[in-house]
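This chain uses plain numbering: 1 for the first residue, then up along the sequence. Everything quoted here is computed from the prediction, not taken from an experiment.
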Amino acid sequence: MEFPQSAADGALTVPLYRLAHGRTGDKGNRSNISVIAWHPALWDVLVEQVTEDAVARRFAPRRPSGVRRYLLPQLHAMNFVIDDVLDGGVNDSLNLDSHGKALSYLLLDLPVRVPAALAQHLAGPP
């Protein structure tokens, strides 16, 4: 996916991995994905844009039955619990790519608009 460098208002659209890193696990047919800000200044942008609805849309092709977000503001992190996205789970699925560990990469490519004033806190090259 291509991301435009900047908008008329100076905001940048970048993949989520420029703002945060992720940790993922799975249990049965449920995936847990944690999103942890690279810098505390990015926390409000994450809370505003990486919502349950945004994650549900991102995973729509996998047909999740539910997405719940748990905020951990003192850690500048959030955890998503996504139900029914693992093709039945590790023991039931023949598709190794569907397991929870691989799904964080799908979420970390989510486009996020970042105010130009916060660009200094983004990870990776400009």
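Residues Ser31 and Thr24 have side chains in contact (heavy-atom distance under 4.5 Å, counting atoms from C-beta outward). Contact of the Leu16 side chain with the Leu46 side chain is registered, since non-hydrogen atoms from C-beta on lie closer than 4.5 Å. For the pair Leu106/Ile33, no side-chain contact is recorded, criterion being any heavy-atom separation below 4.5 Å from C-beta on. Between Val50 and Val45, the closest side-chain pair of non-hydrogen atoms is not below 4.5 Å. When side chains are defined from C-beta on, Val112 does not count as touching Thr13, because their heavy atoms never get closer than 4.5 Å. Arg58 has its side chain within reach of Pro111: a pair of non-hydrogen atoms, C-beta onward, lies under 4.5 Å apart. Proximity of Arg69 to Val47: side-chain heavy atoms (C-beta onward) are separated by under 4.5 Å at one or more points. Side-chain contact between Leu110 and Tyr17 is absent, with no heavy-atom pair separated by less than 4.5 Å.
Panel note: side chain Arg18, backbone Ala123; a donor-acceptor pair is recorded below 3.5 Å.
Ala116 pairs by the side-chain contact (heavy atoms from CB on, under 4.5 Å) definition with nothing, not counting sequence neighbours. When the side chain to side chain donor-acceptor pair (under 3.5 Å) test is applied to His21, no partner is found at least two apart in sequence or on another chain. Shown here are the salt bridge (charged side-chain N to carboxylate O under 4.0 Å, His left out) partners of Arg68, two or more places apart in sequence or in another chain: Asp83.
Side-chain heavy atoms closer than 4.5 Å link hydrophobic residues (I, L, V, M, F, W, Y) into clusters, and following such links, even through other members, never connects Leu19 to Ile36.
The minimum heavy-atom distance between Ala56 and Pro64, with the atom names listed, is O-CG, 4.4 Å. In plain terms, the two heavy atoms of Ala20 and Leu108 that are nearest each other are O-CD2, 3.8 Å.
Hydrophobic clustering, defined by side-chain heavy atoms of Ile, Leu, Val, Met, Phe, Trp and Tyr closer than 4.5 Å, groups Val81 together with Tyr70.
Sequence neighbours left out, the pairs with a member in residues 37-48 that pass side-chain hydrogen bond (donor to acceptor under 3.5 Å, both in side chains) are His39-His121.
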Donor-acceptor pairs under 3.5 Å, side chain of residues 71-80 to any protein atom, not counting sequence neighbours: which ones?
residue : atom : partner : partner atom : Å
Asn79   : OD1  : Ser34   : OG           : 2.9
Asn79   : ND2  : Asn32   : OD1          : 3.4

